[in-house]
Amino acid sequence: MAARVQLPKDIRRGQVISVQILVQHPMESGYRLDADNRKVPKNAIRSFTCRYNGEEIFRAEMSPGIAANPFLQFPTLARESGELEFSWVDDAGERGSHTAPIHVAA
Amino acid sequence: MERRRFLEAAGGALAASLAPRPLLAQAPPAFAQSADSQALVKRATRGKEARVGKVKLDLPLLADNGNSVPMKVAVESPMTAADHVKTIRLLSERNPEWEMAAFHLGPYSGRAEITSRVRLAGSQRVVALAEMSDGSYWMGTADVTVTLSACVDGTG
Amino acid sequence: MTTRREFLKISAAVGGGLAVGFEFSEAGAAQAAELTPWVVVRPDDTVIIRYARAEMGQGSMTSTAQLVAEELECDWSRVKVEYADTNDQVRRKRPWGDMAAVGSRTIRNSQEYLRQAGATAREMLVAAAAQQWKASPGDCRAERGVVHGPGGKKLSYGKLADAAAKMQAPKDVKLKDAKDWKIAGKPIKRVDIPATVMGRQFYGIDAQLPGMVYAAIAQCPVFGGKVKSVDESKIKGRRGIIKVVQMDDYVAVVADNWWRAKEALKALPIEWDGGKNGEVSSESIRQFLKAGLDAQQDVVTARSDGNVEQGLSGAAKVVEAEYFTPYLAHSTLEPMGCTALIKDGKVEIWTSTQNAEASHATAAAVAGVPLENVRTHRTQLGGGFGRRGGSQDFVRQGVAIAKQLPDGTPVKLLWTREEDTQHDFYRPVSLIRMKAGLDASGMPVAWYSRVSAPSIIATLLKLPLKEGVDPQAVAAYADQPYEIPNVRIEYAQRNPHVPVGFWRTVGHSQNPFMRESFVDELAHAAGKDPLEYRRAMLKEASKERAILEATVKAAGWGTALPAGVHRGVAVTEGYGSYTAAVAELSVNDKNVVTIHRLVLGIDPGYAVNPDNIEAQMQGSAVFMLTAMFWGEITLKDGRVQQSNFNDYRMMRLREMPKVEVVLAPTGGFWGGIGEPGQASIAPSICNAIFAATGKRVRSLPLKNEGFELA
Amino acid sequence: MIKLTVNGKPRQLDVEPEMPLLWALRDVLDVKGVKFGCGIAQCGACTVHVDGEPVRSCSFPVSAAAGKKIVTIEGLARNGKPHPVQQAWIDNQVPQCGYCQGGQILAAVALLRKKPNPTDQDIDEAMTNICRCGTYARIRKAIHAAAKSSKAKA
């Protein structure tokens, strides 16, 4: 489950930035049939968390009501340089994670 | 009759503007089944009412299909330790799972604004419900017409 | 009426970019006053009534205007009907509501707000007059476009329009009782017909713009397949060729003339990759559905009353049968197409569409522009029948091709008849097993049906099915009106790769054939008259019973017939209306069927335009008889075998039997008109064939059962 | 350069001789009343008169129309008044979607020219154009009505 993260270019301390992430996941609705006419089981990312240097700054509970390859853009207050750590788990129990460095100018 | 010539001749000069009038009470109902968004809200709040306001939910008026509809929700809040948005929920009238998503925020968020793409099982009213740090609830709604499903959205 | 002139004026916006939010009406529009989004009054007393949905021959453009005009108390001879603009629809946040002409629901879903709009405008005009006269509105009344006041004062709507537009709209308006109708309920002539017969009607195919180019299209012959390669060198240097557009699953040739584009496309070598669907045939689909009839898994229950097993095991007699109906193409006489212009981030399209909003949203999505930057020009449709509603493939392609051309180049995409026949969203194939248990008196105590068929809602609309049931697939079963204590209806959703869609009358185009034929089988097994049998199973007060009685009475059921002539009967609800049919026919020794008379009854609740209803019923007869006798789309190597009217036969004038329409509105509800008329026809014919020959038709089309139409 | 007369006006066009008259009319001369339905002379939506004879223009090369008088549905009216057949079509509310009706009317006009008082069988034989909406009963009625009205005038 690959992911792509986008952060603003120049981040200054105290600035509220938008964190964008796109996770590759089908977010199966549970009512789609595959090419062989078999029901594709429901499978959505249920829980998604973002930690900023270890501290939780965003959490989402989701359903198949979020489109395939979920895209999320959420705000956070830039404090110091470090790492954003994203983690999620789907209905199948599969876990995914991704990290992105964050550079904050004083 | 030469249509092409007519087109050119007619030019842009026919701008007989007509000021749009506000929607009348007699306008077609948006969604018959959306009579009571509060019922949806009460399910989410376990019985508490939500006040209308502070929450702005942006969804397109029309979506050609419901598979991936751009969504933006913003809540008015200073986002301080004392006064902030704790959770924003998206509630659906028609999706098989009525709780589409819950986004948890805090003072560290700086502002309360989420953008995503949602999946809608047909035309409906979507509710955005914000739970504030003082325990109050605020809501905003948006009506989306999923044009692909128009064939079955009316009656049978 | 949207005349060609107005269309041209609308089109003219192309020249100066998108002049959005403007009224493109004819002279005098500058002073026109909009009283409600539906009613605009001009100083010359012309009343413009807006029409939001599509006109494809079903007549709703006229009948909806009748409803508005009725409440407005205007002079019908001064009424003009104009299409509501899709760009205004978006900018003004949908003042016209649903624009789709689908599901026979234009009248029944909009009658209330349309009548309210008319009444609202009327009240505003009366209030304006009263204000001017310093009279009480209660002392004023509106009649034929004039408000009359105390002391013989009068003012025409045109004179009052400006003031009326400034009046507060009343909150509540009282609507007339149908018995007081003067314009609605009357056989008013359709507003679009003069332009049609004079050759001035404007269809999607007729869009013409300066600098326009033309596109012909070839789609992968195997559904779901892809383009593998294209050898453009083979058409280099041909006259008029501008570009070859290669997409995932289709290739388009763009030229300065459509015929040149089409001829070049014919000469263009295209390699396709059909994938594994390239092995599918009608036979393999039949087997797939057959397996659905026997399957234990992936089957859902759509209705369950009592205990069918007990009912069957305790029955004196059990009757069982399997019925089949094939895929069908829509074959609108105007093939699919779309003219698109993308310029400076704005998009305009001209297309024959049953849902202008869907076309609008599709164009915006494909072009990647906001809804506000799009205008979908309204045109008459050269037939719809469900093809141009849910599936907007032609718009998707038209805009995608325009995107491949230099900004500002209008392009008209037009399909050939062959593409149209082979790339439809077909009426689903369906295989149904029915089993009924009869008691000692011959009446059914148990009824079981299993439908093995694709789901339009799951595959085309990709919507969740409630409890796994597609209501269209089990239509006329799950809601069957007969009084039977033990009923179970099951649905096995089986989706072959063939795209399915809404074909006029949808589930009711096939299930009533099966249900009502099987009821006849039961009557026969019980040794009873098929009409008496139905009477015994229908509640005395039911609407089905009422339309059945009205129809058999008109048909003279039970009266003596000439030697060799036999009758068949059927009754069905659908689209909010109730229909019945009695067929009188004879079959000669070569199995040639001569239909002497087809009596079609309908109870639509209220009849807004009786003449139009008769026309729709006549048309329904032709549409259904065409399907019954010849209609089938078959597959080989994953491809549709039919291509044009030479191998996908249409009924012609000499083959149309005498059709008598029994219009028996009982009031109190609003039913559909465009589709329900077809529902009872096939079983009435097949039941009459059984009466004539003893052969029970359980599979359509009739040509495959050895029957030919005289 | 191919020269022909369309609805009374002389027109000329520089196109391939094998281009069907339908496309020369629609796309080159901008005469849109003539419709495309099948392209194989099955449906008759493209019917026009060539020197008074009904022709399915989708399968009729434009070169064969050179020097001839073409009349399309737009050219039937006289002084802005509907042709008696057009009037009968309005009186009897024949069209539904209307797409085929230009061709149907031209076929009916040609029939009435040959047989001013056609029988049902004459109508069956002459009227082979497809109407997908199924307006055939009214087409028959309108042709009889037009025959009657022309007789009344004569």
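Sequence lines set the chain letters: A, B, ... in the order given, protein chains first and strands last, and positions in each chain run from 1. Keep in mind it's a predicted model, so treat the numbers as computed, not measured.
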Peer 1: Rounded to the nearest 0.5 Å, what separation is found between the CE atom of Met19(D) and the CZ atom of Arg239(C)?
Peer 2: 7.0 Å
Peer 1: So, for Thr196(C) and Pro95(D), which heavy atoms are closest and what is the spacing to 0.1 Å?
Peer 2: CG2-CB, 3.9 Å
Peer 1: Output the option from Ile139(D), Leu76(D), Asn129(D), Ile73(D) having the highest count of non-hydrogen pairs under 4.5 Å with chain C.
Peer 2: Ile73(D)
Peer 1: Measure the spacing between CG of Leu333(C) and SG of Cys133(D) and express it to the nearest 0.5 Å.
Peer 2: 8.0 Å
Peer 1: Do Thr626(C) and Arg132(D) have side chains that approach each other closer than 4.5 Å (heavy atoms only, starting at C-beta)?
Peer 2: yes
Peer 1: Rounded to the nearest 0.5 Å, how far apart are CD1 of Ile40(D) and CG of Asp647(C)?
Peer 2: 7.5 Å
Peer 1: With a 4.5 Å cut-off on heavy-atom pairs, point out which of Glu655(C), Lys262(C), Glu614(C), Met212(C) contacts chain D the most.
Peer 2: Glu614(C)
Peer 1: Could you look at Leu22(D) and say if it's the side chain, the backbone, both or neither that has a heavy atom under 4.5 Å from chain C?
Peer 2: neither
Peer 1: Under 4.5 Å from any heavy atom of chain D, what part of Leu625(C) do you find: side chain, backbone, both or neither?
Peer 2: neither
Peer 1: Begin from the C-alpha positions of Leu653(C) and Arg140(D) and carry the test side chain to side chain contact (heavy atoms under 4.5 Å, CB included) through to its verdict.
Peer 2: CA-CA 8 Å; Leu653(C) 181 140; Arg140(D) 185 188 300 281; 3.4 Å; yes
Peer 1: Heavy-atom cut-off 4.5 Å, strictly under: side chain, backbone, both or neither for Ile105(D) against chain C?
Peer 2: side chain
Peer 1: Most heavy-atom pairs under 4.5 angstrom with chain D, which of Glu55(C), His330(C), Lys658(C), Glu263(C)?
Peer 2: His330(C)
Peer 1: Picking from Gly39(D), Pro82(D), Ala24(D), which has the most non-hydrogen pairs under 4.5 angstrom with chain C?
Peer 2: Pro82(D)
Peer 1: Between Lys35(D) and Asp206(C), is the salt bridge (charged side-chain N to carboxylate O under 4.0 Å, His left out) condition met? List the steps.
Peer 2: CA-CA 9 Å; Lys35(D) 300 297 189 218; Asp206(C) 297 330; 2.7 Å; yes
Peer 1: Look at the aromatic rings of Trp258(C) and Trp23(D) and report parallel, tilted or perpendicular, splitting at 30° and 60°.
Peer 2: tilted
Peer 1: Looking only at heavy atoms, which two atoms of Asn644(C) and Cys38(D) are closest? And how far apart?
Peer 2: ND2-O, 3.0 Å
Peer 1: Does a side-chain heavy-atom distance below 4.5 Å link Glu74(D) with Arg200(C)?
Peer 2: no
Peer 1: Rounded to the nearest 0.5 Å, how far apart are CG of Asp192(C) and SG of Cys97(D)?
Peer 2: 10.0 Å
Peer 1: About how many Å separate OG1 of Thr128(D) and CZ of Arg654(C), when rounded to the nearest 0.5 Å?
Peer 2: 9.5 Å
Peer 1: Heavy atoms only: give me the nearest Phe36(D)-Arg417(C) pair and the separation to one decimal.
Peer 2: CZ-N, 4.1 Å
Peer 1: With a 4.0 Å cut-off on N to O distance, would you call Arg238(C) and Glu16(D) a salt bridge?
Peer 2: no
Peer 1: Sort Leu381(C) into side chain, backbone, both or neither according to what part of it lies under 4.5 angstrom from a heavy atom of chain D.
Peer 2: backbone
Peer 1: Only pairs of heavy atoms separated by less than 4.5 Å count here; which of Thr72(D), Asp14(D), Asp120(D), Ile123(D) has the most with chain C?
Peer 2: Asp14(D)
Peer 1: Who wins among Thr332(C), Asp256(C), Leu414(C) for the most heavy-atom pairs under 4.5 Å with chain D?
Peer 2: Leu414(C)
Peer 1: Check whether Met56(C) gets within reach of chain D through its side chain, its backbone, both or neither, counting any heavy atom under 4.5 Å.
Peer 2: backbone
Peer 1: Looking at Tyr99(D), is its backbone amide N or carbonyl O close enough to the side chain of Tyr203(C) to form a donor-acceptor pair, meaning the two atoms are under 3.5 Å apart?
Peer 2: yes
Peer 1: Answer yes if the side chains of Gln101(D) and Gln201(C) hold a donor-acceptor pair under 3.5 Å, and no otherwise.
Peer 2: no
Peer 1: Does the pair Asp124(D)/Arg652(C) count as a salt bridge with the N-to-O cut at 4.0 Å?
Peer 2: no
Peer 1: Please check if any side-chain donor atom of Arg190(C) sits under 3.5 Å from a side-chain acceptor atom of Gln93(D), or the reverse.
Peer 2: no
Peer 1: What are the two closest non-hydrogen atoms of Gly37(D) and Pro335(C), and how far apart are they?
Peer 2: O-CG, 4.2 Å
Peer 1: Of all heavy-atom pairs between Lys189(C) and Asp91(D), which one has the smallest distance, and what is that distance?
Peer 2: NZ-O, 3.7 Å
Peer 1: What residue in Met650(C), Glu334(C), Gln618(C) has the most heavy-atom pairs under 4.5 Å with chain D?
Peer 2: Glu334(C)
Peer 1: For Gln121(D), which atoms come within 4.5 Å of any heavy atom of chain C: side chain, backbone, both, or neither?
Peer 2: neither
Peer 1: With a 4.5 angstrom heavy-atom cut-off, which part of Thr421(C) approaches chain D: side chain, backbone, both or neither?
Peer 2: neither
Peer 1: Using a 3.5 Å distance criterion without hydrogens, assess whether the side chain of Arg26(D) forms a donor-acceptor pair with backbone atoms of Ile205(C).
Peer 2: yes
Peer 1: If I measure from the heavy atoms of chain C, does Val85(D) come under 4.5 Å with its side chain, its backbone, both, or neither?
Peer 2: neither
Peer 1: Report yes if the side chains of Glu18(D) and Trp259(C) come closer than 4.5 Å at any heavy-atom pair, otherwise no.
Peer 2: yes
Peer 1: Minimum heavy-atom separation for Ala207(C) and Lys32(D), please, with both atom names.
Peer 2: O-CE, 4.5 Å
